[in-house]
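Before any comments, here is the structure.
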Amino acid sequence: MSTRLEHLRSAREQKLTALRQAGIDPFGAPYPDRTPAADLHTAHANTSGEALDDAPVGVRVAGRIISLRPQGKAGFAHIQDGTGRIQLYLRLPELDPASALTWENLDLGDHVGAEGHLMRTRTGELTVRTTHLTMLAKALRPLPDKHAGLQDREERYRSRHLDLLTNSESRAVFAARSRIIAAIRRTLDGEGFLEVDTPILVPLAGGAAARPFLTHHNALDRDLSLRIATELHLKRLVVGGIERVYEIGRIFRNEGLSTRHNPEFTTLEAYQAYAGYREIMDLTERLIQAAALATNGTLQAGELDFSGPWRRITMAEAVRQQTGIDFTTLTTDEEARAAVADAGLSAGAATGATWGALLAHLFETHCEAALIQPTFVIGHPVETSPLARRDPHDPRLTERFELYVLGRELANAFSELNDPIDQRARFEAQLAERAAGNSEAHPLDEDFLAALEVGLPPTGGLGIGIDRLVMALTGAPAIRDVILFPVLRES
RNA sequence: GGACCGCUAGCUCAAUGGUAGAGCAUCCGACUCUUAAUCGGACGGUUGAAGGUUCGAGUCCUUCGCGGUCCA
C-alpha cells in the first residue's frame with residue numbers, strides 16, 4: 001500500500017476517532033422507518049416547494065454520501081440508497097451537537113441517516129432539510145472517481161462492490177439477471193414443474209462432454225468430482241415419477257477462461273415426461289420470451305428479435321448453405337471425407353472422421369457464427385449426442401435441437417434416450433473415444449443405466465445456459481460482466 | 001497455446017529518449033440555496049516486476065506477471 005492511500009485512510013481514521021471521543025459510534029445502530037429515495041421522488045414529483053413549506057413533510061432517509069458540498073455554515077450532500085439519490089441540505093446552527101460533529105467529520109462514502117423535512121431548492125430539486133444527522137457506518141477507504149466511476153475492467157471484476165457502487169450499468173445487468181431467473185422459475189412453476197436440488201459432489205461426473213474438477217472426501221476416503229451437468233440425476237427423478245422437474249444450478253467445468261467461459265456457471269435443466277424435443281422447442285420459446293420480457297419489457301433486445309416462431313433449420317441444411325456440401329446425399333464415412341476434401345475444407349478430425357463427426361465439425365466451424373437471430377438447429381449426428389434418442393427416420397441422427405443466438409449456443413435439448421441397451425452401447429462408444437485420447441468423452445455410469453433399466457418414460461429434456469442468456473438479453477460483451485465474482489488469476 | 005493492445009498518484013487520464021503532470025479525491029483556509037459548487041494554498045509517485053541499451057529510460061530491447069481483444 002502506498003503512502004498516499006495510507007494518508008487518505010489516516011485522515012478518515014482521525015475523523016472516526018473524533019466521533020468516538022465525542023461518544024458517537026461511527027458504526028451506528030439500525031436506522032428503521034426510513035423512506036427510500038425513489039419513493040420520495042415518486043410521491044412528491046408534483047408537490048411544489050410552497051406546498052412543502054406550508055405543510056411540512058417529515059422524513060427519514062439513509063444512504064451513502066456520494067457528494068459533499070460544505071458551504072460555510074451550511075452544506076449540501078447527496079446520498080445514494082438502493083433505489084436512487086436524494087439531496088440533503090443543512091444549516092450548522094440548526095443542528096444538535098452530535099449532528100454537527102457528524103457533519104464536520106463526514107467523508108464521501110460514509111453511510112448516514114438524515115431526519116428532517118422535505119423542501120425544494122431554488123432550482124427545484126427535492127431535498128431533505130436535515131435537522132438530525134446520524135453516522136451509520138464510516139468508510140475508511142476512498143470511493144473511486146465520482147464522475148468517471150471505476151473504469152479498469154480488472155479492478156471492476158476483482159472489486160465488484162466498487163463496480164456496483166459506481167457503475168449503474170453494472171447494477172442494471174445483475175438486476176436483469178435476477179429478473180430473468182425469476183421469470184424462468186415463474187414460467188416453469190406455472191406449468192407444473194417441480195424444482196429440485198441434486199448433488200454437486202458426485203462420484204462420476206456425466207451428462208456433458210467436459211472435464212470435471214476433482215476433490216476428495218476425507219471421511220469416506222473417496223474421490224469425488226464436481227458435477228458438469230445436472231442431467232443424469234434429473235432423469236433419475238423422472239424414472240422416480242416426477243414427471244416435470246427442473247433445476248437451476250451451478251455447474252463446474254475444468255476448462256479455460258474466455259469471454260464466453262467461466263469454470264463455474266449456471267444452467268437450467270428441465271425434463272418433461274411423455275414429451276419430445278418438439279414440445280421442448282415450444283417450451284424453450286416460452287421460457288426465453290418470458291425472460292426477454294422480464295429484462296426489457298419487450299421481445300426485442302438490441303438487434304435481437306425474440307418474437308416467434310423462431311427459424312428452424314437442420315444442421316445438414318445449414319452446412320449445405322455455407323459450404324455447398326449436401327450431407328443428405330452422402331451415405332458412407334468415406335464419401336463424406338472425400339466430399340470435404342474435394343471442397344478443400346479442413347477435415348478437423350481428419351482420417352478416421354465419420355459422417356456425423358464431419359457434419360458436426362463443419363457446422364461448428366462454418367455455420368454457428370452466422371446464426372444471429374434466434375434459430376433452432378435440428379438433426380444432430382448420433383456421435384456427438386450420446387444421451388439423445390435416435391431419429392427413427394434416420395439412425396445417423398438424433399431427435400435434438402440447439403438454440404443459437406448471436407452465434408452462440410444458448411440452449412440444447414433432445415428427446416431423451418430411454419433405451420438402456422442403446423444407452424450402454426453409446427457409453428461404450430464414448431469409452432472407446434476416451435481410450436483414443438478424448439478426455440471429454442462421457443464416462444460409463446452404471447447407476448444411471450440401472451435407473452434407465454427400471455424404465456424412463458419418453459421424456460423431453462432441455463438445458464439453457466443462464467449466463468449466456470443474460471449476456472444476450474442485456475448486451476453484455478463478456479460472461480464476466482454477468483457473473484458477480486468471476487474466476488480470475490491470482491493478482 | 002498464439003498474435004496484438006494495455007498497466008503512470010486513492011480514482012480518471014497526460015507526458016518527441018531530456019526536471020513525472022492535470023482533473024477529481026485528500027489536508028488547511030474562506031463561503032448560509034449548492035449540485036462536476038466556487039476561490040486561495042498544501043500534501044501525494046519503486047511509472048506492474050526484473051534485467052539490458054544509453055551521458056540520460058514512463059518512453060527503446062529482453063524476460064516475467066496481471067488484464068483486455070481477436071484467433072486456436
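Convention: sequence-line order gives letters A, B, ...; per-chain numbering from 1.
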**Message:** If you apply the rule side chain to side chain donor-acceptor pair (under 3.5 Å), what do you find for A/Thr354 with A/Asp333, and how did you get there?
**Reply:** CA-CA 5 Å; A/Thr354 61; A/Asp333 295 343; 5.0 Å; no
Looking for any heavy atom pair under 4.0 Å, which part of the strands does [X] touch: base, sugar-phosphate only, or nothing?
| X | result |
| --- | --- |
| A/Leu143 | nothing |
| A/Arg69 | base |
| A/Leu150 | sugar-phosphate |
| A/Gly256 | nothing |

Classify the side-chain pair [X]/[Y] by whether it contains a donor and acceptor separated by less than 3.5 Å.
| X | Y | result |
| --- | --- | --- |
| A/Asn105 | A/Arg12 | no |
| A/His366 | A/Gln321 | no |
| A/Thr266 | A/Arg177 | yes |
| A/Arg69 | A/Gln87 | yes |
| A/Asp326 | A/Thr328 | yes |
| A/Ser10 | A/His7 | no |

Just how far, in rounded Å, is [atom2] of [N] from [atom1] of [X]?
| X | N | atom1 | atom2 | answer |
| --- | --- | --- | --- | --- |
| A/Leu106 | B/C27 | CG | P | 11 Å |
| A/Tyr89 | B/U34 | OH | P | 9 Å |
| A/Met119 | B/U34 | CE | P | 11 Å |
| A/Leu8 | B/C11 | CG | P | 10 Å |
| A/Leu488 | B/G67 | CG | P | 6 Å |
| A/Leu90 | B/C33 | CG | C1' | 12 Å |
| A/Arg153 | B/C7 | CZ | C1' | 15 Å |
| A/Ile66 | B/U34 | CD1 | P | 19 Å |

I'd like the [atom1] distance from [M] over to [N], given in whole Å.
| N | M | atom1 | result |
| --- | --- | --- | --- |
| B/A9 | B/C27 | C1' | 15 Å |
| B/G23 | B/G40 | P | 11 Å |
| B/U26 | B/G65 | P | 38 Å |
| B/A22 | B/G56 | P | 28 Å |
| B/U8 | B/A15 | P | 14 Å |
| B/C61 | B/G17 | P | 11 Å |
| B/U69 | B/C13 | P | 16 Å |
| B/U47 | B/A20 | P | 11 Å |

**Asked** Is the distance between the ring centroids of A/Tyr404 and A/Phe363 less than 6.0 Å?
**Response**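 Under 6.0 Å, so yes.
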**Asked** Can the ring centroids of A/Phe414 and A/Tyr277 be said to lie less than 6.0 angstrom from one another?
**Response**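 Aromatic pair excluded; centres sit 6.0 Å or further apart.
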**Message:** If you assign A/Thr259 and A/Arg129 each to the RNA chain B nucleotide with the nearest heavy atom, which residue ends up on the more 5' nucleotide?
**Reply:**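 First, find each residue's nearest nucleotide; the 5'-ward one identifies A/Arg129.
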**Asked** More 5' along RNA chain B: A/Thr127 or A/Pro477, using each one's nearest nucleotide?
**Response**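 Nearer the 5' end of the strand: A/Thr127.
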With both distances under 3.5 Å as the test, what is the Watson-Crick or G-U wobble partner of [N]?
| N | result |
| --- | --- |
| B/C70 | B/G2 |
| B/A36 | none |
| B/U46 | none |
| B/A9 | none |
| B/G17 | none |
| B/U54 | none |

**Message:** What I want to check is whether an N or O donor and acceptor connect the side chain of A/Gln87 with the base of B/U34 at under 3.5 Å.
**Reply:**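 Donor-acceptor pair under 3.5 Å: yes.
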**Request:** May I ask you to verify whether the side chain of A/Asp145 and the base of B/G23 hold a donor-acceptor pair under 3.5 Å?
**Result:**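 Yes, the side chain and the base share a sub-3.5 Å donor-acceptor pair.
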**Asked** If only side-chain N and O atoms of A/Lys15 are considered, is one of them under 4.0 Å from the OP1 or OP2 phosphate oxygen of B/C27?
**Response**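 It does, given that an N or O in the side chain of A/Lys15 lies less than 4.0 Å from OP1 or OP2 of B/C27.
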Looking at the side chain of [X], which of [options] is the nearest nucleotide?
| X | options | answer |
| --- | --- | --- |
| A/Arg489 | B/G67, B/U34, B/U12 | B/G67 |
| A/Lys73 | B/U32, B/C27, B/G10 | B/U32 |
| A/Gln151 | B/G10, B/G67, B/C13 | B/C13 |
| A/Pro144 | B/C11, B/G10, B/G67 | B/C11 |

**Message:** Contact list please: residues 154-169 of chain A against RNA chain B, heavy atoms, distance less than 4.0 Å, in numerical order.
**Reply:**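 Contacting residues: A/Glu154, A/Tyr157, A/Arg158.
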**Item:** A/Glu402/A/His380 under side chain to side chain donor-acceptor pair (under 3.5 Å): CA gap, chis, key distance, verdict
**Value:** CA-CA 9 Å; A/Glu402 288 180 301; A/His380 292 64; 2.8 Å; yes
